[in-house]
*Asks:* 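Handing you a structure now.
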2 protein chains.
Amino acid sequence: MAKSNAPITEHLAYLLAQANREINRQLELRLSKEGVPVEQWRILKVLSDGDGHSMGELADAVLLNHPTLTKMIDRMVSDALVYRVQDPNDRRKVLMFISDRGKVLSKKLNSLAVDQEEHILESYGDKSTSELKRLLESLIDSSN
Amino acid sequence: MAKSNAPITEHLAYLLAQANREINRQLELRLSKEGVPVEQWRILKVLSDGDGHSMGELADAVLLNHPTLTKMIDRMVSDALVYRVQDPNDRRKVLMFISDRGKVLSKKLNSLAVDQEEHILESYGDKSTSELKRLLESLIDSSN
DNA sequence: TTGAAAATATTGAATATTCAACAATTGAAG
DNA sequence: CTTCAATTGTTGAATATTCAATATTTTCAA
C-alpha cells in the first residue's frame, strides 16, 4: 500500500515535474542563443518534414493547447518562419508549412538541441539515457 | 553521434515533457475533486511537516518561481490554508506554516494522490515504476 | 436533400505567470 | 562602526495562457 505520508520527492508525478523542469531549463538556455522558445523549436521540428500539418495535429504533437498554439503560430507567421494554407480537402482545417527561413533556423536549433542531448549522455551515461527513454515511452503508452 | 534529423519523439526533453504532461493531467483531474491545483497540493505536502519554511526554500521545493509562489500563497492565506510568520532570526525571511484547515485538506489530497500512484502501479507495473523513479532521481542528481 | 450534431480553428475576456524594479534586512570588508 | 554588496520577499507592468463562446465547414441520420 502506498503511504500517504511519503515525502513529495517520492511521488512519480513530482519526480517527472522536477526532471522535466531541469532538462527544459537547460534546453531553453541553449535555444535562447537564437532567441527562440522551446515550443517553437518543437513546432519547427515537426513541420520540417515538409508536409502540411493541421493545427489540431500540431497542437497534439507539440504539447500545446489549441488557443495557445494559434497565438504562437501568429507570432511565427509574423517572423516568416511558417505559413498557413487552407486544406483544400477539408476547409475547416488549416495546414501549416515551414518556410525556407524556418528551415534555416530549424537546422541551427536542432544542432543546439543535439548538443544538449550529447551533454546529457556524457554526464548521465549512455545506458541510463536509453533505459530512461524506453521507460518513459512505455509509461506514455500505458497512459492511453 | 546524435542525429539532428531524429524525430522529436526521440528526444529526452520531449519524452519528459510528454510524460509529465500526461501524469500531471491525471493528477489534476483527481485533485479537482477538491478544487485544488497541483501546486497547492505540493505546498501543503511540504508544509505538513509542521516546520516553518521560508518562501525561497518553498519555491525550490514546489518548483515555482518566487513571484508565482508569493501570489499563490496569497490565495492560500485568504483560504486560511497556510499562514505567514516573520522569521525572528532573520527578518528578511517569512516562514510559512500550514493551518489546521490546511492539514485537513492536505490529508484528503494525499489520498487522492496515492490513488493515482496506485493506478499507475497497476497499469504500468511495480518494477517499471520503481526503476523509472530511480532513473529520474539519478538524472536530477547528475544535473546539479 | 435537409437539418442537427460534430469537428476545426480562432477570438476576447479572465486569469496566471514572468520580468524588472523595489524595499527591507543582513553580511562583510575596510 | 560604517558603508556597500548580497539576500530575501513582494509589487506592478508586461506578457502568456486558458476558458468559454463563436464562426465555419463537414458529417450523417432522417
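On a predicted model such as this, the values are computed, not experimentally measured, just so you know.
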*Asks:* Indicate, with yes or no, if B/Leu139 and A/Leu139 share a hydrophobic cluster defined by side-chain heavy-atom contacts under 4.5 Å among Ile, Leu, Val, Met, Phe, Trp and Tyr.
*Replies:*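 Both belong to a single hydrophobic cluster.
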
*Asks:* Run the salt-bridge test on B/Lys33 and B/Asp115 with the 4.0 Å N-O cut-off and return the result as yes or no.
*Replies:*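 So B/Lys33 does not pair with B/Asp115 through a salt bridge.
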
*Asks:* Grab the CG-P distance between A/Asp90 and D/dC28 for me, whole Å please.
*Replies:*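 After rounding, the gap between these two atoms is 12 Å.
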
*Asks:* Just how far, in rounded Å, is P of C/dT15 from CD of B/Gln40?
*Replies:*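 To the nearest whole Å, that distance equals 16 Å.
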
*Asks:* Can you sort out which residues in residues 50-62 of chain B have a heavy atom within less than 4.0 Å of DNA chain C? Ascending by number, please.
*Replies:* none

*Asks:* Please check: side-chain N/O of A/Asn65 versus main-chain N/O of A/Pro67, any donor-acceptor pairing under 3.5 Å?
*Replies:*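 No, A/Asn65 side chain to A/Pro67 backbone: no donor-acceptor pair under 3.5 Å.
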
*Asks:* Please identify which of these residues, B/Ile98, B/Leu109, B/Val62, B/Asn110, meets the side chain to side chain contact (heavy atoms under 4.5 Å, CB included) condition with B/Lys45.
*Replies:* B/Asn110

*Asks:* Within residues 91-99 of chain B, find the residues that approach DNA chain D with a heavy atom at under 4.0 Å, and present them sorted by residue number.
*Replies:* B/Arg92, B/Lys93, B/Val94

*Asks:* With the threshold set at 4.0 Å, does a side-chain nitrogen-carboxylate oxygen contact exist between A/Lys103 and A/Asp100?
*Replies:* yes

*Asks:* D/dA21 P sits how many Å from A/His66 NE2, rounded?
*Replies:*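 Result: 18 Å.
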
*Asks:* A/Leu15 versus A/His11: any side-chain heavy-atom pair under 4.5 Å?
*Replies:*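 The answer is no, as the side chains (C-beta and beyond) never meet within the 4.5 Å cut-off.
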
*Asks:* Quick one: hydrophobic cluster around B/Leu95, which other residues, with the 4.5 Å side-chain cut-off, linked directly or via members?
*Replies:* B/Tyr83, B/Val85, B/Phe97

*Asks:* Which parts of nucleotides 16-21 of chain C does protein reach within less than 4.0 Å, heavy atoms only, written one letter per nucleotide 5' to 3' as B for base, S for sugar-phosphate only and - for none?
*Replies:* -SBB--

*Asks:* What pairs with A/Arg21 under salt bridge (Lys or Arg N to Asp or Glu O under 4.0 Å), at least two apart in sequence or on another chain?
*Replies:*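 A/Arg21 satisfies salt bridge (Lys or Arg N to Asp or Glu O under 4.0 Å) with no other residue.
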
*Asks:* Between C1' on C/dT26 and CG on B/Asp87, what's the gap in Å once rounded to a whole number?
*Replies:*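 In whole Å, C/dT26 C1' lies 12 Å from B/Asp87 CG.
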
*Asks:* Under a 4.0 Å threshold between the charged nitrogen and the carboxylate oxygen, would A/Glu28 count as salt-bridged to A/Arg25?
*Replies:* no

*Asks:* Donor-acceptor pair, distance only, cut-off 3.5 Å: does the side chain of B/Glu118 make one with the backbone of B/Ala113?
*Replies:* no

*Asks:* Whether B/Lys133 and B/Glu117 form a salt bridge (side-chain N of Lys/Arg under 4.0 Å from carboxylate O of Asp/Glu) is what I want to check.
*Replies:*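 Result for this pair is yes, salt bridge flagged.
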
*Asks:* In residues 14-29 of chain B, what residues come within less than 4.0 Å of DNA chain D, judged by heavy atoms?
*Replies:*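 Output list: empty, so none.
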
*Asks:* Is the shortest heavy-atom distance from the side chain of A/Ile120 to the side chain of A/Gln116 under 4.5 Å?
*Replies:*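 The answer is yes, as the side chains (C-beta and beyond) meet within the 4.5 Å cut-off.
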
*Asks:* May I ask you to say whether A/Glu137 pairs ionically with A/Arg134, meaning some side-chain N is under 4.0 Å from a carboxylate O?
*Replies:*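 No salt bridge links A/Glu137 with A/Arg134.
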
*Asks:* Between atom CD in A/Gln86 and atom C1' in D/dT25, what is the gap in whole Å?
*Replies:*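 My rounded result for the distance is 9 Å.
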
